[in-house]
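In listed order, ligands and their atoms are each counted from 1.
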Amino acid sequence: MSDRVWWKEAIVYQIYPRSFKDSNGDGVGDLQGIISKLDYIKSLGVDAVWLNPIYKSPNDDGGYDISDYYSIQPEFGSMQDFDELLAGLHQRGLKLIMDLVLNHSSDEHPWFVESKKSKSNPFRDYYFWKPGKNGHAPNNWPSFFGGNAWQLDEQTGEYYLHLFSVKQPDLNWENTALRKEVHELMRYWLKRGVDGLRLDVISAISKRTDFPPTDTVDFNETIRRYYSNGPRLQEFIEEVRTKVINEYKDVMTVGEGPGITPQNALDYLDPEKGLNMIFHFGHMFMDQGPGGRFDPIPWSMTDFTKVFKTWDDTFAKTGWGSIFLGNHDFARMVSRWGDDSSYWRESSTLLITLLLSMRGTPFIFQGDEIGMTNTKLKAVADSKDIETQNGWREAQKRGMSEDQFLSLANYSGRDNARTPMQWDDSVFGGFTDGHPWMDLNPNKSRINVATQTTDPHSILNYFRSMTSLRKAHPVLTYGTYEPIETKDDRVFAYYRQEGKEKYQIVLHFSNENSTFPIPLNAQRLIGNYANESLSLRPWEATIHKL
Ligand code: TEU
Ligand code: CA
């Protein structure tokens, strides 16, 4: 049994504040809105909330472009609202995980405003500046958000690095003074009582300062080999852990790691000097071709199930896994992995069963507990996401039509996850009394919290049953994970075991019927069909105690 700590036993609920609940009618979600839903959050049976960034930001990339790490985005509320939210969570026995974006800041952060003033400015090398080459960018690195990752600044005639948007200049962690500032801002939030930190793109904070040109057109390969896992990454993480995190009791850190691999993941998770967990993207990027998000390739159930085995093996002896099937950066899990039309309820509850029966800390994204689905942009201009807007700019250069690009954006774009939370069937879904910053999904009259609260067979109430089942059976947290060979590759089955306690989880990813043997005397603990059956029904999920 691995050492028992709260963050291994926690179920984490991710809140995208802009789209969770608006309390003052300006159409934008805010902290008071979250406060008004604390009892709902508690009723889910979760233990912690991960808040996407709530700091002052020009909102070029949904708040992941921070212009002041020490203040709250005015649209979201005040520091008093934050303290009230934190107190409200703690009073209910819930913990708060804040999202810190330390790979880059906003270009409106005072550090960058200073840095770009002159080559001799004291803040100049808080960022990466380089002269161009023959009138071009210093190298051929592509940005996550399209185009080249270097931007020419006329004032000093040099280029600055931005792996993400032009308004998100990368911070130079080689600079000790910058690292000290980062440590200080971390301490500020930990002193305030925050229980954990989600560290955005932490895998990229150590750059190859010779900036070699990438020799591959495969974007995720470029991330792996050029942007992440840099030469001083472990050193920078160790410094954060030993100089900051260890000063605070029981604080959890989870890094976001685009580009991490099973081979290098543990480099981030040294028990004494590393992070506690890291998000990998084995499943999330498996349907991305060389061009990344808007270059989809088919995925198979074999690939999907293999990802869980590979990563469970990685963390089986040391480190600890994190399990997620969706978040603010990806399509809604039921639309992506399930069937959001004919078997919407069954596939949503199946995915919830997977999420809450795996080894590793589960992270559920707001709205997935009620089976919210992808939305459908009618025009690219309706997208609120810079990644989609820039993706369209790049697609046009390749001669793609808007319809072609829209089908790509509606399949995998981030707008899908960012439509406002659907609380009830009123005109704006109970999200706001004003006009929402982003259109709600038109299916809010059918899919919403209110409708599901009173339905004992709803996705919402199944989610609640699953969280209490996971709590009641520590094997589902600490037990071993062992895949079961199945003849039908649409059947994803595995054991969870600890000592004599053995559980069998069967997840049938299909619209057809199938079969799977249920051992004699096995006790069904939960299933997403009301009664047992000898056959496996479409999108059926069961957990049996053997
Ligand atoms: O995302 C970084 C990352 O992992 C990317 O792969 C992400 O999926 C993004 O959409 C590009 O495809 C983090 C945040 O989660 C994301 O919201 C931010 O846009 C990004 O960093 C920059 O801060
Ligand atoms: Ca508001």
Side-chain angles (χ1 to χ4, degrees), residues 14 16-36 50-55 57 59-66 72-78 81 99-106 142-146 149 162-171 198-205 219-220 222-224 227-228 254-260 278-285 287-288 291-295 324 326-331 363 365 384-391 409 412-418 420 428 431-437:
Q14 180 194 350
Y16 191 73
R18 183 168 292 276
S19 296
F20 191 67
K21 173 69 181 162
D22 170 26
S23 70
N24 63 351
D26 66 357
V28 175
D30 47 52
L31 302 187
Q32 282 298 334
I34 300 172
I35 290 167
S36 72
W50 155 26
L51 269 192
N52 287 107
I54 57 172
Y55 320 94
S57 161
N59 201 35
D60 185 58
D61 175 24
Y64 280 89
D65 48 314
I66 297 170
I72 303 296
Q73 175 72 322
E75 290 175 305
F76 291 163
S78 65
D81 295 323
D99 198 331
L100 273 180
V101 186
L102 305 171
N103 174 69
H104 46 271
S105 76
S106 163
S143 155
F144 275 82
F145 293 160
H162 62 87
L163 293 183
F164 290 89
S165 89
V166 166
K167 288 182 66 64
Q168 292 171 294
D170 280 57
L171 288 165
R198 182 257 188 193
L199 301 175
D200 188 63
V201 201
I202 200 70
S203 49
I205 58 171
F219 184 60
N220 283 315
T222 291
I223 298 173
R224 265 192 297 280
Y227 299 173
S228 50
V254 53
E256 190 213 22
I260 72 160
I278 186 109
F279 291 133
H280 71 77
F281 290 84
H283 50 331
M284 303 310 273
F285 289 164
D287 66 350
Q288 293 189 3
R293 183 187 296 275
F294 300 118
D295 178 20
F324 70 106
N327 62 27
H328 63 294
D329 285 335
F330 294 97
F363 288 74
F365 179 56
K384 305 291 183 190
D385 176 16
I386 187 164
E387 186 175 30
T388 294
Q389 290 151 4
N390 287 9
S412 68
R414 304 192 299 182
D415 291 274
N416 284 309
R418 301 178 180 190
F428 292 126
F431 164 70
T432 178
D433 298 335
H435 194 84
W437 74 281

Checklist entry - With F324, which of F279, F363, W50 fulfils ring pair (Phe, Tyr, Trp, His ring centres under 6.0 Å)? => result F279
Short N/O/S contact of [X] with the Ca ion (ligand 2) (below 3.0 Å):
X   : answer
D26 : yes
V28 : yes
S23 : no

Item to check | Ion pair R293/D287, N-O distance below 4.0 Å | outcome: no
Item to check | Donor-acceptor pair, side chain of H104 and main chain of Y64, under 3.5 angstrom | outcome: yes
Checklist entry - Looking only at atom types and distance, does a side-chain atom of N103 sit under 3.5 Å from a main-chain N or O of I202, one as donor and one as acceptor? => result no
Item to check | Candidate list N327, T388, D61, test side-chain hydrogen bond (donor to acceptor under 3.5 Å, both in side chains), partner R414, passing option | outcome: D61
Next on the checklist: Counting the benzene-type ring for Trp, do H280 and F285 have ring centres under 6.0 Å apart?
Outcome noted: no
Checklist entry - Angle class for the F330/F281 ring planes (parallel below 30°, perpendicular above 60°, tilted otherwise)? => result tilted
Item to check | Which atom of D30 approaches the Ca ion (ligand 2) most closely (N/O/S) | outcome: OD2
Checklist entry - If you look at D22, which of its N/O/S atoms is nearest to the Ca ion (ligand 2)? => result OD1
Item to check | Within the 4.0 Å heavy-atom sphere of ligand 1, strictly under, residues | outcome: D61, Y64, H104, F144, F145, F164, Q168, R198, D200, V201, E256, P258, F281, F285, R293, H328, D329, F330, E387, R414, R418
Item to check | By side chain to side chain donor-acceptor pair (under 3.5 Å) - contacts of Q32 (at least two apart) | outcome: D81, E84
